[in-house]
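Both counts, for ligands and for their atoms, begin at 1 and track the order of listing. Predicted, not measured: the structure shown is a model, and the values here were computed from it.
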Amino acid sequence: MKIAVYPGSFDPVTKGHLDIIQRASALVDKLVVGVLNNNAKTPLFSAEERVNMIKDVTGDLKNVQVEAFSGLSVDFVRKCNAGFIVRGLRAVTDFEYELQMAQTNRSMDRGVDTIFFTTELNYAYISSTIVKEVAWYGGDISGFVPRKVAEHVYRKIHDRKRQD
Ligand code: PNS
């Protein structure tokens, strides 16, 4: 059974991520989307919220599982009995960091290979950071994230602004 892990922050999941999830899930028997819950990062959404949002928009993909993890990606990959890490490459600017991560992960576990998907051109400029920034200033994010996710982002940002 071919199992792959797609690790990331997904804060929030974008249409670009979703495109990778769809294409990667067609290639393997099981795809585990791993939502990083490391304390060093201060995300907009909790890991549980991020997991639930991804579950919500991938419900039609029967071989996709979504789980939070903390610590190293390779340890999570091992826990999932997976042999592959999936990542998306948007532009050449992603390459250096992705290459470094893939090589680091492989040096930690020779049983783990990283598969890169080139992002669909329509989504090449989208990032979770850009989504949050546009939403923060009241811009339209409907082209960047699924509708249900956009609602969560606007609500969360609205709550955040009220707290500040
Ligand atoms: O969506 P992101 O933030 O680009 O994903 C980055 C992620 C989660 C894949 C990366 O930060 C990661 O694997 N973090 C877990 C810690 C780890 O394994 N570090 C070593 C890899 S260099």
Task: Check: Asn38 side chain, Gly71 main-chain N or O, donor-acceptor pair, under 3.5 Å - done: yes
TODO: Test Ser142 against Asp140 for side chain to side chain donor-acceptor pair (under 3.5 Å), laying out the working first.
DONE: CA-CA 6 Å; Ser142 60; Asp140 179 9; 2.7 Å; yes
Identify all N/O pairs between ligand 1 and the protein with a separation under 3.5 Å and present them as a table of atom names and distances.
unit_1: ligand 1; atom_1: 1 (O); unit_2: Ser9; atom_2: N; d: 3.0
unit_1: ligand 1; atom_1: 3 (O); unit_2: Ser9; atom_2: OG; d: 2.6
unit_1: ligand 1; atom_1: 3 (O); unit_2: Lys41; atom_2: NZ; d: 3.1
unit_1: ligand 1; atom_1: 4 (O); unit_2: Arg87; atom_2: NH2; d: 3.0
unit_1: ligand 1; atom_1: 5 (O); unit_2: Arg87; atom_2: NH1; d: 3.3
unit_1: ligand 1; atom_1: 13 (O); unit_2: Ser73; atom_2: OG; d: 2.6
unit_1: ligand 1; atom_1: 18 (O); unit_2: Ser73; atom_2: N; d: 2.8

Task: Salt-bridge present (Glu67, Lys79; N to O < 4.0 Å) - done: yes
Open item on the list: If the threshold is 4.0 Å, N to carboxylate O, is there a salt bridge linking Glu49 and Lys156?
Closed with: yes
Open item on the list: What I want to find out is whether Asp75 reaches Arg78 closely enough, with some N-O distance under 4.0 Å, to be called a salt bridge.
Closed with: yes
TODO: Identify whether the distance between the nearest side-chain nitrogen and carboxylate oxygen of Arg87 and Asp94 falls below 4.0 Å.
DONE: no
